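Working notes, structure below.
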Number of protein chains: 2
Amino acid sequence: MADTTETGLPRAVAVAWGMQETPQRGPSRGLSHERIVAAAMEIADADGLSAVTMQAVAKSLGFTTMSLYRYVSGKDELLRLMGDAGAQLPEKVRLSPDWRQALRQWASLLREAWRTHSWLLEIPRGQASVLMPNSVRIADLGLAAMVSLPLSRDEKIGIILVVSQHVASMVELELSLADEGELRVSEEGVDQLREVITEKRFPHVAPLVQTGEYVPGAAPPPGPGDAAEAPAEDVEAEYDFGLDLLIAGLEIRIQAASSTS
Amino acid sequence: MADTTETGLPRAVAVAWGMQETPQRGPSRGLSHERIVAAAMEIADADGLSAVTMQAVAKSLGFTTMSLYRYVSGKDELLRLMGDAGAQLPEKVRLSPDWRQALRQWASLLREAWRTHSWLLEIPRGQASVLMPNSVRIADLGLAAMVSLPLSRDEKIGIILVVSQHVASMVELELSLADEGELRVSEEGVDQLREVITEKRFPHVAPLVQTGEYVPGAAPPPGPGDAAEAPAEDVEAEYDFGLDLLIAGLEIRIQAASSTS
DNA sequence: ACCTGAACACCGTTCAAGT
DNA sequence: ACCTGAACACCGTTCAAGT
């Protein structure tokens with residue numbers, strides 16, 4: 001379990017909200033959580049989350065590794081603080097009065113945040129993370145998008161969960177296509193797959209492997225005409241598709257609710 | 001990028017399908033990827049994925065750490081193999097002819113797999129993982145559930161993606177509640193939160209903090225009557241809610257498609 | 001109060017050597 | 001071909017010491 005303050009709140013929560021008493025006496029060479037978190041984020045943006053080590057962060061600030069421990073209880077806490085700091089939405093947001101539109105806006109804001117700091121997706125969002133400032137902000141805005149809806153609180157929270165999860169998975173997909181996209185499977189490789197992914201064992205996938213459609217980095221099949229299609233580049237379409245599905249489902253639920261009451 | 005064979009296929013894919021030529025000459029004390037992966041899974045089941053170190057795996061098998069590198073190119077490959085081996089569905093599955101039912105069954109199978117090996121969720125599912133045997137099986141079964149549906153291939157894959165992501169997030173939620181569930185926020189802690197989560201800054205969340213509803217480990221408010229409710233234990237309800245939403249949305253889409261054609 | 005230096009117990013991975 | 005031993009370059013974190 002994560003270490004907590006005497007109030008039962010996780011230390012990261014207390015620090016993020018500025019609840020921590022920082023006595024400030026004696027000389028201070030100017031280190032602070034803010035500076036530490038900012039430095040860590042810069043490293044993560046540049047070289048990925050795995051490049052964020054206590055030593056690297058300290059070095060980039062011109063301090064020794066151990067100096068960090070005065071401001072941050074450990075790496076875990078640093079990651080939590082980074083996770084929150086990165087998930088910052090714009091200060092002022094004007095949501096559409098139409099809930100469908102508003103929900104789409106909200107999803108889009110989340111998406112933007114995750115896109116700018118892709119390492120956010122790697123940081124485990126534990127139970128306590130909902131208490132962090134920017135998570136609260138995100139939840140608040142999500143609820144704001146749905147104010148007009150005749151749904152229970154639990155249902156609204158359910159939607160926030162499902163939608164944000166969908167957005168996260170789409171950003172993840174987008175990124176995996178982008179940076180691991182050098183996967184190039186040769187014709188020989190596809191042949192090998194054809195031998196193991198047989199019609200008998202995998203009746204529905206096998207046909208797609210035959211044509212090569214199913215294999216990420218394979219050359220497109222020499223089909224007549226429509227060969228030059230981006231095979232999976234359209235994450236955009238998948239993103240919209242899932243969101244549309246959820247909103248459509250919600251619409252039905254609301255109609256059902258209003259016709260009953 | 002992950003190391004690949006000369007065919008362009010990731011090594012983990014080749015190994016998992018048994019495409020790797022294993023010459024087998026000279027003495028063999030009986031190590032193999034199968035045994036290594038099995039040992040690693042056992043450790044992960046018992047003590048979590050973080051306990052899976054090359055040294056721990058080797059030790060549990062009675063070999064030195066370095067012996068593993070003859071069978072596995074590195075830890076990354078070991079994790080990929082574990083990820084696939086853990087995502088095994090039952091041999092024979094009888095899907096309902098009703099697609100809604102079938103999709104629910106499929107989701108439920110996924111859920112069961114992730115529940116039995118919760119560390120699966122921590123293993124990054126890269127682009128190449130769709131080529132692993134059990135991923136192919138899962139995709140095949142998902143497509144099987146939707147055979148009767150008048151949807152494009154891309155749409156079906158979209159559904160597989162969205163639904164499986166929803167299932168994953170629900171299992172994740174379930175687990176985070178279970179093992180980090182010792183989070184107990186004292187009344188003083190809730191008070192501190194009330195001071196920062198103000199009505200002004202967070203108009204929609206603030207009321208929920210006032211009552212204490214929003215705070216995971218807080219004591220339930222002394223409301224009249226319905227106080228003794230499990231606050232978030234019903235992941236089951238959230239699970240169904242999201243799935244229902246998606247299926248309802250899909251239903252509409254199908255109606256639209258069939259009325260157009 | 002704040003920062004440093006040395007040390008500890010780990011990681012994953014390499015390389016040359018044994019049988 | 002298979003496994004070992006020693007070594008390397010890292011991790012996060014501790015503790016006692018300096019100013």
Side-chain angles (χ1 to χ4, degrees), chain A residues 1-4 11-12 15 20-37 39-40 43-44 47-83 119 122-124, chain B residues 1-4 11-12 15 20-37 39-40 43-44 47-83 119 122-124:
Chain A
M1 71 189 117
D3 47 4
T4 58
R11 249 190 63 94
V15 171
Q20 213 63 1
E21 66 276 17
T22 36
Q24 201 71 339
R25 182 115 59 100
S28 167
R29 245 55 105 252
L31 218 41
S32 62
H33 359 272
E34 286 88 348
R35 289 198 60 198
I36 292 173
V37 171
I43 294 173
D47 302 315
L49 196 62
S50 67
V52 176
T53 67
M54 298 303 270
Q55 8 258 328
V57 174
K59 194 173 185 180
S60 83
L61 288 164
F63 289 86
T64 55
T65 308
M66 296 65 66
S67 66
L68 305 184
Y69 285 87
R70 184 144 296 271
Y71 300 91
V72 155
S73 71
K75 193 177 184 185
D76 191 72
E77 187 176 310
L78 174 55
L79 288 178
R80 288 174 194 252
L81 291 173
M82 285 175 71
W119 43 265
E122 298 174 50
I123 296 180
Chain B
M1 72 188 117
D3 48 4
T4 59
R11 247 191 64 94
V15 171
Q20 213 63 0
E21 66 275 14
T22 36
Q24 202 70 339
R25 182 116 60 102
S28 166
R29 246 54 106 251
L31 218 41
S32 63
H33 2 272
E34 286 89 347
R35 289 198 61 199
I36 292 172
V37 171
I43 293 171
D47 302 315
L49 196 62
S50 67
V52 176
T53 67
M54 298 303 269
Q55 9 259 327
V57 173
K59 194 173 186 182
S60 82
L61 288 165
F63 288 86
T64 55
T65 308
M66 297 65 68
S67 65
L68 304 183
Y69 285 86
R70 184 145 297 269
Y71 298 90
V72 155
S73 71
K75 192 175 183 185
D76 190 72
E77 188 176 310
L78 174 56
L79 288 178
R80 287 173 195 251
L81 291 172
M82 286 176 70
W119 43 265
E122 297 173 51
I123 296 179

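Throughout, protein chains are lettered first and strands after them, A, B, ... in sequence-line order, and every chain is numbered starting at 1. Not measured: the values here are computed from a predicted model.
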From [atom1] of [X] over to [atom2] of [N], roughly how many Å is that when rounded to an integer?
X      : N      : atom1 : atom2 : result
L61(A) : dC3(C) : CG    : P     : 11 Å
L68(B) : dG5(D) : CG    : C1'   : 15 Å
R35(B) : dC2(D) : CZ    : P     : 14 Å

Validation: residues 49-62 of chain B side-chain donor-acceptor distances under 3.5 Å, sequence neighbours left out:
residue: T53(B); atom: OG1; partner: A56(B); partner atom: N; Å: 3.0
residue: S60(B); atom: OG; partner: V57(B); partner atom: O; Å: 2.9

Spacing of [X] atom [atom1] and [Y] atom [atom2] [to the nearest 0.5 Å]:
X       : Y      : atom1 : atom2 : answer
L68(A)  : L78(A) : CG    : CG    : 7.5 Å
W119(A) : D47(A) : CH2   : CG    : 13.0 Å
Y69(B)  : I36(B) : OH    : CD1   : 11.0 Å

Checking contacts here: which listed nucleotide (dC3(D), dT4(D), dC3(C)) is nearest the side-chain heavy atoms of L31(B)?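 Among dC3(D), dT4(D), dC3(C), the one nearest the side chain of L31(B) is dC3(D).
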With B for base contact, S for sugar-phosphate-only contact and - for none (protein heavy atoms under 4.0 Å), nucleotides 8-14 of chain D reads ---SBBB
Passes side chain to side chain contact (heavy atoms under 4.5 Å, CB included), I123(A) versus M82(A)? Steps please. CA-CA 9 Å; I123(A) 296 180; M82(A) 285 175 71; 4.3 Å; yes
For DNA chain C, please output the secondary structure as dot-bracket, reading 5' to 3'. Pairs are Watson-Crick or G-U wobble, both atom distances under 3.5 Å; mark crossing pairs with [ ], other-strand partners with |, unpaired with a dot. ||.|||||...|||||.||
Return no unless some side-chain N or O of T64(A) is found under 4.0 Å from OP1 or OP2 of dT4(C).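 The answer is yes; a side-chain N or O of T64(A) sits under 4.0 Å from OP1 or OP2.
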With side chain to side chain contact (heavy atoms under 4.5 Å, CB included) as the test, would you mind laying out the steps for R35(B) and Y71(B) before giving the verdict? CA-CA 10 Å; R35(B) 289 198 61 199; Y71(B) 298 90; over 6 Å; no
